[in-house]
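Just so it is clear: chains get the letters A, B, ... in the order the sequence lines come, proteins before strands, and each one is counted from 1. Every value quoted in this text rests on a predicted model; they were computed, and no experiment measured them.
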2 protein chains.
Amino acid sequence: MTAAKPTREGSAHKRAAILGAARGLFLAEGFDRTSVDAIALRAGVSKRTLYDYFGDKQALLIAVVDHAADSLMAAIRRTMAETLTEVTDLHAALLDFSLRIATETFGSVDYLALMRLVTNESGHLPQLRDTLMTNAPEEAIAARLAEFGRQGALDVPNPRVAADHLVALTFLLAINSLGSTISADDPRLRSILDEGVRAFLRAYAPRPRAAL
Amino acid sequence: MTAAKPTREGSAHKRAAILGAARGLFLAEGFDRTSVDAIALRAGVSKRTLYDYFGDKQALLIAVVDHAADSLMAAIRRTMAETLTEVTDLHAALLDFSLRIATETFGSVDYLALMRLVTNESGHLPQLRDTLMTNAPEEAIAARLAEFGRQGALDVPNPRVAADHLVALTFLLAINSLGSTISADDPRLRSILDEGVRAFLRAYAPRPRAAL
DNA sequence: GCTTAACTACACTGCACGGTGTAGTGTAGA
DNA sequence: TCTACACTACACCGTGCAGTGTAGTTAAGC
């Protein structure tokens with residue numbers, strides 16, 4: 001799924017170093033402001049090797065986003081399995097989930113920052129559009145919300161919309177209010193996520209059928 | 001409030017032309033990808049004049065954002081006065097408000113796109129931070145929501161949080177789902193705003209005190 | 001020791017772009 | 001007509017940077 005142009009496909013270690021360096025610099029400086037020389041320097045790799053591995057600065061960006069998407073999906077699946085099993089206290093479960101996803105190693109916040117970067121900074125990369133237009137994270141969350149709906153813990157006639165709303169009330173709002181650099185222990189982050197989850201549950205709490 | 005470096009302060013018409021051209025190109029291509037020559041060409045002005053007016057590419061960006069913020073605030077105030085007066089049908093009123101703000105001449109969507117651009121593309125402009133960190137739009141909306149709360153039409157213990165949630169469920173979600181280029185008649189936009197307003201009202205509808 | 005492959009160091013090209021300096025043009029007022 | 005001004009057209013500079021070509025180094029396998 002990854003592997004943009006691994007012309008030589010050398011040691012995975014070097015590949016990871018390059019991806020990590022590129023991700024960090026792209027997030028901190030933006031795509032255009034990040035020079036390939038800086039990435040190579042930070043990765044401890046010669047510029048030539050970088051080009052042999054990825055072929056192109058744009059291809060490197062695609063690889064970074066691809067890798068981030070995979071990481072995020074893995075984190076979501078793992079965290080969901082660990083936090084979103086209980087139906088007893090949905091607020092605690094959803095808040096735990098949001099907090100962990102937001103702050104976990106390369107969580108959704110960095111992912112969203114990358115998305116913004118891609119969407120705004122280079123709005124003309126057909127390859128990227130394909131990669132990131134899958135909305136896999138939202139779909140995964142939607143599936144879980146649908147499950148809660150089936151169990152009667154939520155009222156979600158349209159799970160995908162509900163998932164979008166949950167994401168908007170938590171991650172989207174967090175990254176919009178705070179910058180792209182969010183520290184895990186920032187009290188504002190916890191506050192935003194908490195309020196967001198609260199509002200989400202108020203909007204999607206099961207209500208007596210007669211009320212409508 | 002505007003006026004970054006109007007070294008010469010010539011005809012307001014030329015100034016507006018430059019601002020408009022810059023805004024359009026910044027939104028379409030991003031800040032770094034937009035050359036000053038392109039802006040001058042599109043504005044029908046010599047590059048030299050552009051520099052005489054604004055002094056600097058960064059100063060031009062600041063002026064653009066400043067102007068956008070002013071426009072948006074004016075639009076919000078005007079539209080709020082025209083749509084958010086009725087308490088009878090809050091859903092219709094809020095949806096109308098959202099739709100008009102989102103699609104109006106330089107609505108919140110473009111504003112948010114500019115914010116993203118600024119935040120991500122050049123994360124090191126102290127001047128810009130000051131300009132856009134006011135959160136004036138959210139504050140204005142919060143004030144109106146508080147008013148609704150006083151009238152018993154909504155249950156908003158914390159108006160500012162409620163305003164953030166409304167914005168997240170509508171504009172933020174819209175710009176995140178659709179690109180920065182949103183046509184006013186895109187049915188998806190209306191759908192997103194409608195669902196967002198619905199969820200917001202479910203979350204902030206007045207509820208019997210006994211229920212909690 | 002020899003070959004092969006991965007990699008580095010480094011020089012180099014081409015280009016795009018931000019910003020400046022200036023000569024010249026059109027225009028309005030005295 | 002002269003002056004002042006706003007503006008254009010254009011040439012120009014410096015620089016940063018993507019991408020390439022290559023000679024040389026290291027290490028592994030034979």
Side-chain angles (χ1 to χ4, degrees), chain A residues 3-26 28-64 117-118 121-125 127-128, chain B residues 3-26 28-64 117-118 121-125 127-128:
Chain A
K5 271 186 192 173
T7 314
R8 222 183 267 183
E9 193 61 62
S11 74
H13 173 260
K14 274 194 166 51
R15 214 188 141 77
I18 296 173
L19 281 177
R23 191 184 67 197
L25 288 172
F26 285 164
E29 307 290 332
F31 180 72
D32 292 302
R33 290 184 152 71
T34 301
S35 74
V36 176
D37 293 81
I39 299 173
L41 182 68
R42 179 141 149 184
V45 153
S46 82
K47 181 161 80 160
R48 206 60 182 81
T49 298
L50 189 153
Y51 272 101
D52 286 341
Y53 270 61
F54 293 94
D56 203 335
K57 197 187 177 188
Q58 280 202 0
L60 176 57
L61 174 61
I62 291 176
V64 166
L117 196 151
V118 163
E121 200 137 359
S122 57
H124 35 69
L125 297 183
Q127 282 188 275
L128 266 174
Chain B
K5 271 185 191 174
T7 313
R8 220 183 270 181
E9 192 61 59
S11 73
H13 173 259
K14 274 194 165 53
R15 214 187 142 78
I18 295 173
L19 282 177
R23 191 184 68 196
L25 287 172
F26 286 164
E29 307 291 331
F31 179 72
D32 292 302
R33 287 184 153 72
T34 301
S35 72
V36 177
D37 294 82
I39 300 173
L41 182 68
R42 180 142 149 181
V45 153
S46 83
K47 183 161 81 160
R48 205 58 183 83
T49 298
L50 189 153
Y51 274 100
D52 285 340
Y53 269 62
F54 292 95
D56 202 333
K57 196 187 177 188
Q58 280 201 359
L60 177 55
L61 173 61
I62 292 176
V64 166
L117 197 152
V118 163
E121 201 137 358
S122 58
H124 35 68
L125 298 182
Q127 281 189 276
L128 267 173

Take the protein atom [atom1] of [X] and the nucleotide atom [atom2] of [N], then report the distance between them rounded to whole Å.
X: B:Leu50; N: D:dC10; atom1: CG; atom2: C1'; answer: 16 Å
X: B:Ile39; N: C:dG19; atom1: CD1; atom2: P; answer: 11 Å
X: B:Tyr53; N: D:dC5; atom1: OH; atom2: C1'; answer: 12 Å
X: B:Glu29; N: C:dA16; atom1: CD; atom2: C1'; answer: 15 Å
X: A:Leu41; N: C:dC7; atom1: CG; atom2: P; answer: 18 Å
X: B:Asp52; N: D:dT8; atom1: CG; atom2: C1'; answer: 11 Å

Worksheet item: Would you say C:dA9 has OP1 or OP2 under 4.0 Å from some side-chain N or O of A:Ser46?
Response: no
Worksheet item: Between C:dC7 and A:Thr49, is there an OP1 or OP2 to side-chain N/O distance shorter than 4.0 Å?
Response: no
Response to the item:
Hits for salt bridge (Lys or Arg N to Asp or Glu O under 4.0 Å) against A:Arg48, two or more places apart or cross-chain, chain-then-number order -> A:Asp52
Worksheet entry | Residues which pass side chain to side chain donor-acceptor pair (under 3.5 Å) with B:Ser46, listed by chain and number, not counting sequence neighbours | B:Thr49
Practice prompt. Assign a letter to each nucleotide of nucleotides 15-28 of chain D from its 5' end: B, base within under 4.0 Å of a protein heavy atom; S, sugar-phosphate only; -, no contact.
Written response: --SSBBBB------
Checking [X] now: which residues fulfil side-chain contact (heavy atoms from CB on, under 4.5 Å) with it, not counting sequence neighbours?
X: A:Ala16; result: none
X: A:Ala17; result: A:Ala43
X: A:Ala40; result: A:Lys47, A:Leu50

Item to complete: Begin from the C-alpha positions of B:Tyr51 and B:Val36 and carry the test side-chain contact (heavy atoms from CB on, under 4.5 Å) through to its verdict.
Response: CA-CA 9 Å; B:Tyr51 274 100; B:Val36 177; 3.5 Å; yes
